[in-house]
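Please find one structure pasted underneath; my questions will follow.
Keep in mind that this is a model prediction, so the values were computed, not measured.
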Amino acid sequence: MPQLTRAYTSDHQVQPDGSVRFGCSNDQHEWPWLNLPAQHPLVIQTQNFWTSVGATDALGTRDESKWSALTWTDWHLGEPQSGQAVSGHFVPSGDEDEIAFSTTLFDAQDRLIVTMNGKGVIFRNRNFETWREGSKKQARKQTTPPAGFAYATRAMLDLPPQEPPLLAPLGIDDSGRLSTAALITKENGLIPGHPYFSGSGDHVNTPHLAEIGRQVVSLLNQGRSPVINFGEMDMHRYIELGTAIDIVIDQHSECAANLAIHQLGKSCATITMRWAAG
């Protein structure tokens, strides 16, 4: 992974058991997504990345010469009234070829905001850039023009004026299943076009997927976004920017939904969201 020039976490303290305690930035100018509620899936998945990067740096286990990928993550909300994070605790459990960790974040009143878990892989023996170029080339051949993609209204996605939509309205696919689609481009999926997303620009990343899940939940609730108290994402194939993403709602109930994510006819990820009734 290329060297990063900024850090969301600070004051790292490596514990005798190999875990790391740290402080969190509350600079909304540097980290615009802090303007969102602490329980927002986009915030949680962005923190997932930056807290793990900061902690592994403190441990000396992050290899800037190697690329890595998160392949699975889940999160469980703590106290619903908690504010933005001021501190956290990172507990690693992987080995040299695997990423595995659990992170807890706390607000200024020491209330638990969220517990996040993650697993991933490290590409130690693969030319990442060359390998990725083949996939990106295939996706470019089937680029979806934003002008030809029918996004759902901001009201149905529960979005403020500054956030562009990512999803189409709900529909029924050829197999009779409830479905929708997403189109995430560099224009609507990265700063400055989107006020909160960051990333390498190489592919659709986990905050994008978390927001896809949240927007699906909003569609299922007719434009209301309940607080999502549990999320899980299993990612097994890179998803490319600029090419339509097919989303099938495999199962859903009043308070839960399971999503199957495909692109170019290939399975890429699954997402589970659970929320409180009412």
Polar side-chain atom of Gln81 near backbone of Glu79 as donor-acceptor pair, under 3.5 Å:
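Looks like no, no N/O pair under 3.5 Å.
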Look only at the side chain of Arg214 and the backbone of Leu157, and say whether a donor-acceptor pair between them is shorter than 3.5 Å.
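Side chain of Arg214 to backbone of Leu157, a donor-acceptor pair under 3.5 Å: yes, one is there.
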Counting only N and O atoms by type, is there a donor-acceptor contact under 3.5 Å from the side chain of Thr272 to the main-chain atoms of Gly231?
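Looks like no, no N/O pair under 3.5 Å.
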Side chain Gln39, main chain Ser82, donor-acceptor under 3.5 Å:
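Yes; judged by distance alone, with no hydrogens or angles, the pair exists.
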Does Asp246 use its side chain to pair, donor to acceptor, with the backbone of Ser179 at less than 3.5 Å?
no
For a side chain to side chain donor-acceptor pair (under 3.5 Å) check, start with the C-alpha distance between Asn48 and Thr206, then their side-chain angles and the critical distance, and finish with the verdict.
CA-CA 9 Å; Asn48 189 314; Thr206 52; over 6 Å; no
Sole residue of Gln45, Gln28, Gln47 in side-chain contact (heavy atoms from CB on, under 4.5 Å) with Trp33
Gln47
Applying salt bridge (charged side-chain N to carboxylate O under 4.0 Å, His left out), which residue pairs with at least one partner in residues 103-119 are found, sequence neighbours left out?
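For residues 103-119: Asp107-Arg111.
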Just say parallel, tilted or perpendicular for the rings of His194 and Tyr196, cut-offs at 30° and 60°.
perpendicular
Keeping the roles fixed (side chain from Gln215, backbone from Pro165), state whether a donor-acceptor pair exists under 3.5 Å.
no
Determine whether the aromatic ring centres of Phe90 and Phe101 lie less than 6.0 Å apart.
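For Phe90 and Phe101, the ring centres are under 6.0 Å apart.
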So does His236 get a backbone contact from the side chain of Trp72, meaning a donor-acceptor N/O pair under 3.5 Å?
no
